[in-house]
Structure formats: structure tokens, C-alpha cells
2 protein chains.
Amino acid sequence: MGMDERKFRILQAIIDDYILTAVPVGSRTISKKYDMGLSSATIRNEMSDLEELGYLDQPHVSAGRIPSAKAYRLYVDQLLHEGRLHSDSEAAVRAHFLGRMRQMEDVIDHAAQVLSSLTNYTAVVLPPTGPQPRIRTLQLVPVSSTAALVVIVTDSGIVRDTVIRVSDQLDSDTLYAISKSLTKELAGRTLQEAVEIFPQITARMQDNEGLLQGLGNFFQENSGAASHAHVAIGGRSNILNYPEYSDTEKARSFLSLMETRDKLASIIAQQGEMAFTVRIGPETGVPEMADCSIVTATYSTGHGQQGTIGVIGPTRMQYNRVLSILGTMGHQLSELFSDD
Amino acid sequence: MGMDERKFRILQAIIDDYILTAVPVGSRTISKKYDMGLSSATIRNEMSDLEELGYLDQPHVSAGRIPSAKAYRLYVDQLLHEGRLHSDSEAAVRAHFLGRMRQMEDVIDHAAQVLSSLTNYTAVVLPPTGPQPRIRTLQLVPVSSTAALVVIVTDSGIVRDTVIRVSDQLDSDTLYAISKSLTKELAGRTLQEAVEIFPQITARMQDNEGLLQGLGNFFQENSGAASHAHVAIGGRSNILNYPEYSDTEKARSFLSLMETRDKLASIIAQQGEMAFTVRIGPETGVPEMADCSIVTATYSTGHGQQGTIGVIGPTRMQYNRVLSILGTMGHQLSELFSDD
DNA sequence: AGTTAGCACTCGACCGAGGTGAGTGCTAAC
DNA sequence: GTTAGCACTCACCTCGGTCGAGTGCTAACT
């Protein structure tokens with residue numbers, strides 16, 4: 001007994017119906033609602049086969065069937081293979097990005113917001129990370145008599161800043177001079193490299209110890225794995241729209257997972273190069289998400305950096321819609337970042 | 001029939017018990033658990049009076065009584081009046097702030113986190129706002145050949161920045177020169193004032209039109225009510241710990257309110273000068289929070305700026321604990337910001 | 001051989017009856 | 001003014017019965 005064309009069509013109908021209704025679907029429903037030209041009895045036989053093949057589960061003997069993770073997997077693979085993602089969502093996404101935003105964080109937050117409101121699921125957006133950005137300019141701005149702001153501009157246009165304390169009294173011009181010489185030394189290097197050669201620089205410029213030490217620390221802190229910094233999450237409570245989470249206990253564990261940004265980031269973070277990832281139920285590897293699916297896509301900044309956007313919802317997710325929206329969103333973000 | 005001492009003690013016992021158990025409390029419970037030296041019958045009579053006075057509600061005729069909003073109000077006023085907030089929480093709060101943080105946002109986020117985990121309710125922290133900060137320094141940092149970063153340092157040490165596009169090609173030194181002259185013109189003024197006199201400056205410095213226009217926009221955008229910028233929220237899902245929110249529909253509406261930062265900020269934002277505000281049930285003025293209470297406290301930065309921290313929980317909130325924790329947290333934040 | 005109709009069977013959902021127990025209000029006695 | 005006692009109320013639980021959606025199996029039809 002293999003998986004023939006007809007079985008597949010029936011399976012697809014079952015999945016479609018279940019995605020819509022979240023109710024176990026019976027043979028009669030399929031035979032009537034999706035006119036297959038087959039009687040319910042025949043469907044029943046096929047469903048029995050599909051269950052044996054592992055594509056369907058039966059919550060109890062006299063309920064309909066529901067698709068298994070394996071079924072969704074098949075369904076999604078098909079979608080991805082065919083590549084026919086209907087794209088009426090494109091306009092919607094684009095419309096939301098008309099007023100373009102200044103800051104990275106704004107963009108990230110906004111993207112998560114849009115993504116969740118378009119899909120009605122929970123959305124997560126990770127900022128771009130990638131090869132160590134290279135320093136382009138470093139500048140010190142006086143903040144008070146004992147503090148200065150360090151602004152570092154990198155080749156990907158990303159700006160990092162921090163306030164450091166300087167024990168000495170330094171005026172604006174002196175700081176500018178120091179900035180210029182530091183820029184000369186550091187331009188073109190990564191933060192990692194900056195940490196390495198920093199002792200030499202410190203040796204050469206013996207004055208301004210306090211300042212240099214502060215700078216050293218800053219480099220140190222920021223050179224590590226580009227710190228999963230800001231993770232934007234949107235539509236946290238969307239999950240409650242779906243009956244599978246009407247159980248409060250489930251909802252609780254899901255929502256508290258959503259609160260721990262770090263964990264979430266590591267779950268979402270894309271490994272590999274794929275345009276899309278779809279992890280279904282147990283494939284997520286997270287017990288709290290045993291009946292969730294995670295769909296992610298990547299975007300890139302045109303400076304070799306990559307970011308991830310993702311949607312989390314019940315396994316009976318509208319994969320078609322979600323994939324298409326993620327695709328569009330990915331494009332938009334890539335465009336937005338690459339000419340910025 | 002008035003409110004005598006004994007009635008008050010009974011009411012207090014009822015509130016305490018209800019806060020703990022969330023179950024309507026009956027006369028027998030009070031007479032046994034809180035030994036008043038009175039029989040259940042007597043308590044019953046008193047409770048009947050208290051109900052008539054509007055301090056107790058009876059969900060149905062044969063259940064116990066639950067405290068009304070009016071009762072909580074009385075209870076809280078008493079707490080605030082007596083001022084005896086037990087302070088074993090002080091150490092806990094302090095412990096969480098040992099590693100002090102660099103950036104405003106980090107502090108805010110962390111504070112919300114701590115506050116929610118200490119209270120087990122949902123916590124909200126608003127960044128300090130206050131009288132228009134005055135410009136101390138303005139500096140332009142080149143980002144690319146067509147963009148520059150504007151950094152503005154204000155007297156409260158707060159740094160605002162944005163990237164603006166400059167149509168002209170400007171090198172670092174030129175930008176520095178412009179920065180210096182702009183700083184001279186603008187130092188000591190508020191952003192509001194900067195907007196007003198900006199046309200004159202533009203007229204005087206006719207070159208660099210693109211740049212000046214970008215700057216103008218930036219001032220304009222930031223001069224408004226100090227933009228409820230970053231609102232930190234912690235323990236969103238804590239509300240689900242409490243049986244009054246085991247109804248999914250209620251939880252949903254609560255959580256989606258928590259998602260709209262702006263709205264939340266305006267709800268929490270403290271009017272008036274009071275150290276503490278307690279709004280109970282309908283007093284919140286938000287229908288979604290008909291059976292929530294909001295407790296807020298303020299902290300200040302020592303530069304005339306004030307921020308708000310708040311806790312949102314069910315009306316049967318542990319007011320005592322919450323008030324004391326908020327108080328301590330407020331102090332810690334004030335200290336942290338004032339010498340920064 | 002595949003398809004279909006028919007039928008017995010299963011099992012969750014829904015409904016109403018009855019029992020249980022916490023809690024009240026009232027009355028009468030202390 | 002306080003207390004004991006008692007009848008009464010009402011949410012909640014459990015139990016049995018009915019209903020209906022859905023299945024699996026068998027036998028007949030194409």
C-alpha cells in the first residue's frame with residue numbers, strides 16, 4: 001500500500017479543513033464539502049490507510065481524523081517545492097512600510113507588529129547578525145565633565161554607542177583629536193581585531209588612561225557573538241485565538257516562553273542558508289511547543305549580514321499564507337536595510 | 001449603623017483571606033481561622049451590615065462574601081496612612097541591582113523584570129520624563145558619504161541620536177566645525193526653542209541645506225511630549241497565575257492591552273505628585289481592567305525628571321507587599337539615575 | 001478489483017435529576 | 001448583645017440516559 005495521487009488529494013483536503021476548523025474531520029465532510037466524486041465509505045477506507053501510513057491520528061475511535069506532524073511535513077514540502085505561494089499579501093506588507101523608519105530597533109519592532117497582525121500568529125524578528133562588522137569611524141562626544149559618549153560607525157552602517165567615564169577633564173576639541181587618531185588606527189578592523197591591538201595603542205597614548213580603559217571594555221563586550229541584542233516580538237497573545245490553546249496551562253507555558261527573549265532568539269535563530277525553514281511540532285525541539293509550528297525566513301542587509309523573521313502558531317497553521325507573507329516581508333526588510 | 005472598630009477588623013480579615021485564597025469567604029472561616037472570640041453567627045450579622053454598607057459583595061446567596069472595590073479602597077488607604085509597609089523586600093530589590101547597567105533601556109527593562117518576578121504580577125516601567133531637557137552638546141558623526149549621525153547630549157545626560165541624510169559630501173573635519181558652531185548657538189536651549197530659532201540659523205548658514213533640513217526635522221519630531229519612548233513590561237503572563245483570569249476571554253483582552261505600549265503608558269502614567277497611586281477596579285477607568293488594580297510609584301532622576309513604575313494585578317492584590325516593593329524599587333531607581 | 005450502501009458499534013457531548021455541602025438568615029434562648 | 005439551632009438556598013459534582021457524528025465491517029453492485 002503506497003501513497004497514491006488520490007490519497008494525497010484526500011489528505012490535502014483533510015489538512016485544509018482541519019486548518020480552518022480545528023475540529024477532527026470525518027469522512028462524510030470530505031466527501032461532501034470537497035467534491036471528490038467519492039462516497040464517504042471510500043474516503044473512510046482511504047483514511048484508514050492514511051492512518052496506517054502515519055499521516056492521520058484519531059483522537060478517539062468515534063471522532064474524525066486529524067493530520068499528524070508527518071502530514072503537515074508532507075504538505076509543507078509540497079508547498080515549498082511547488083513554490084506557488086499566492087502573493088496577494090505582497091501589497092499589504094508593502095503598504096505597512098511606506099513610512100520608513102530611522103532606527104534599527106524601530107524597524108525590527110514594526111516588522112514584528114506587522115507580521116503578527118497580518119498572519120494572526122505570534123511573530124518574532126531577529127536583527128541582522130553576521131560576519132564581524134568593520135569599524136569605519138569612532139567618535140567621542142562629551143556628555144559631562146566626567147563622561148563621554150563613544151559612537152562607533154561600522155561598514156554596515158550600524159551604530160553602536162555607550163557612555164564611558166573619563167577620569168580626566170577633557171574638552172570637546174581634545175576628544176575630537178583623540179577620536180581622529182583612534183579612527184586612523186582602527187578603521188577597517190573588526191571589533192575583535194580592535195580588542196587584540198588595543199594594548200599597543202594604549203601603550204602609545206599613555207595619557208587618558210581612564211578613557212582608554214573604558215573603550216577597551218566596550219570593545220571587549222561588543223566583540224562577542226553579536227549579542228542577540230534586541231528581539232522583537234509581536235502578537236504574543238494571538239496564540240489565544242486558537243482553541244488548541246484555550247487550556248490555560250498550555251497558554252501559560254507558551255506565554256512565559258515568549259517572555260524569555262534569549263531563549264526565544266536561540267530557538268528562532270536560523271541555522272543554515274535556507275530561504276525558509278518550517279519546523280512542525282516535535283521538530284521544534286522545544287517541549288513547550290510540542291503542538292506549535294515555527295516558520296522562519298531570512299533577510300539580508302547587503303553587507304553580508306543576515307537576520308531572521310519567524311512566525312509561531314499552532315501546527316494547523318495556514319502555511320501557505322504564512323510562507324508567502326514571510327517571503328514578502330523578508331524582501332522588504334532586505335531592501336530597506338541594503339540601501340540604508 | 002456605622003463602621004466601628006470591630007466591623008473594620010472583620011472586614012480586614014475577610015480581605016486578607018480573600019487575597020490569599022480567591023474564594024468567597026464565609027462567616028465560619030473568619031470566626032475560626034482569625035480568632036476573634038466571636039461566633040460565626042455574630043460575624044454573620046456583622047457581615048450582613050458590611051454588605052449593606054457596600055463593603056462586601058455576595059456572588060450568590062449561599063456563597064461567602066467577597067470584598068468590594070470600596071473595601072479595598074478603605075484597606076489601602078489604611079495601609080498608606082499607617083505607612084507601615086513591611087520591608088523585608090528591600091534586600092531582594094537591592095540584590096537585583098548590584099550589577100548596574102549602562103543604558104537607560106537596560107535599566108528600564110531590568111527593573112520591569114525584577115518587579116514582576118518579585119511581585120508575581122505584571123510590571124510596567126516608564127522611563128523618566130519631565131521638563132524639556134536642555135541641549136548641552138550637538139555633534140555630527142559621519143556615517144557614509146551621504147549620511148551623518150546626529151548626537152545630542154542634554155543636561156540630564158540623556159542622549160538622542162538619529163541618522164540624517166546629507167546631500168553634500170562632507171568630511172569629518174567640516175562636520176566637526178559645523179557641530180561646534182551649532183552647539184554654540186543651541187547650548188542651553190530646549191528642543192522646543194531650538195525648533196523656533198532654527199530658521200534664523202538656517203538663514204545664516206546657507207550652505208549645507210540638506211543637512212540643516214534634516215536637523216530641523218529631527219528637532220521637530222523630538223520636541224513633542226517626550227515621546228513615551230520605551231515602555232518596559234515584565235511578567236505579562238503572570239496574570240494567568242490567578243484564577244480570576246482562568247477565563248480565556250478575559251486573559252485575551254488583558255494580554256492584548258499589554259501589547260499596545262502606547263495605551264499602557266498612558267494608563268500607567270502618573271498624574272499628580274503622589275508617591276503612590278492605587279487605582280482599584282473601576283477606578284482604573286479602563287473597561288478591560290474592571291477587575292484589576294494598578295499600583296504605581298514614582299522615581300526621580302535628580303534633574304527634575306520623573307518616571308513611573310507600576311504593578312498590575314487582580315483587585316485582590318497583596319497591596320502591602322506590592323507597595324513596599326514599589327517603594328524600594330523607586331528608591332533604587334532614583335539613586336541609580338541621579339548620580340549617572 | 002474497486003466502489004458503494006447498509007448496519008452495528010463506539011464514544012464524546014449534552015441534559016436533567018438527585019445528592020452534597022458550604023453558607024446564609026432568622027428566631028429564640030442565654 | 002451574643003450565641004445555638006434550624007430551615008433554606010444554591011453552586012457543584014456525579015450519575016444515568018440520550019443523541020449524533022463517525023467508524024469498521026460486510027455484502028452487493030459495476
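Numbered from 1 within each chain, the chains take letters A, B, ... in sequence-line order. Worth saying up front: this structure is predicted, and the values here are computed from it rather than measured.
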Whole-Å distance separating the CG atom of A:Leu38 from the C1' atom of C:dA5:
15 Å
Check the pair A:Ile19, A:Tyr75 against side chain to side chain contact (heavy atoms under 4.5 Å, CB included), reporting the backbone distance first and the verdict last.
CA-CA 12 Å; A:Ile19 285 180; A:Tyr75 181 85; 4.3 Å; yes
DNA chain C in dot-bracket, Watson-Crick or G-U pairs under 3.5 Å, [ ] crossing, | other strand?
||||||||||||||||||||||||||||||
Atom NZ of B:Lys32 and atom P of D:dA4: how far apart are they, to the nearest Å?
13 Å
Could you tell me how far apart A:Ile30 (CD1) and D:dG22 (P) are, to the nearest whole angstrom?
10 Å
With B:Ser256, which residues qualify under side-chain contact (heavy atoms from CB on, under 4.5 Å), at least two apart?
A:Ser237
Residues in ring-ring contact (aromatic ring centres under 6.0 Å, His included) contact with A:Tyr242, at least two apart in sequence or another chain
A:Tyr121
Any side-chain N or O of A:Thr42 under 4.0 Å from OP1/OP2 of C:dT4?
yes
Of all residues at least two apart in sequence or in a different chain, which pass the side-chain contact (heavy atoms from CB on, under 4.5 Å) check with B:Ala112?
B:Val125, B:Ala232
In whole angstroms, the gap separating P of D:dT2 from CE of B:Met36 amounts to 14 Å
Could you tell me how far apart A:Asp49 (CG) and C:dA1 (C1') are, to the nearest whole angstrom?
14 Å
Mind checking what makes side-chain contact (heavy atoms from CB on, under 4.5 Å) contact with A:Arg9, not counting sequence neighbours?
A:Glu5, A:Met36
Qualifying residues under ring-ring contact (aromatic ring centres under 6.0 Å, His included), relative to A:Tyr245, sequence neighbours excluded:
A:Phe254
Residue list, salt bridge (Lys or Arg N to Asp or Glu O under 4.0 Å) with A:Asp77, at least two apart or on another chain
A:Arg73
Whole angstroms only, please: what is the CD1-P distance between B:Ile66 and D:dA11?
14 Å
If a protein heavy atom is under 4.0 Å from the base, mark B; if only from the sugar-phosphate, S; if neither, -; do that for nucleotides 12-30 of chain C going 5' to 3'.
S---------BSBBB----
A:Ile43 CD1 to C:dT3 C1': how many Å, rounded?
11 Å
Take atom NZ of A:Lys70 as the centre, draw a 6.0 Å sphere, and report whether it contains more than 12 heavy atoms from other residues, nucleotides or ligands.
yes
List for me each residue that meets side-chain contact (heavy atoms from CB on, under 4.5 Å) alongside B:Lys32, sequence neighbours excluded, and say none if there are none.
B:Arg28
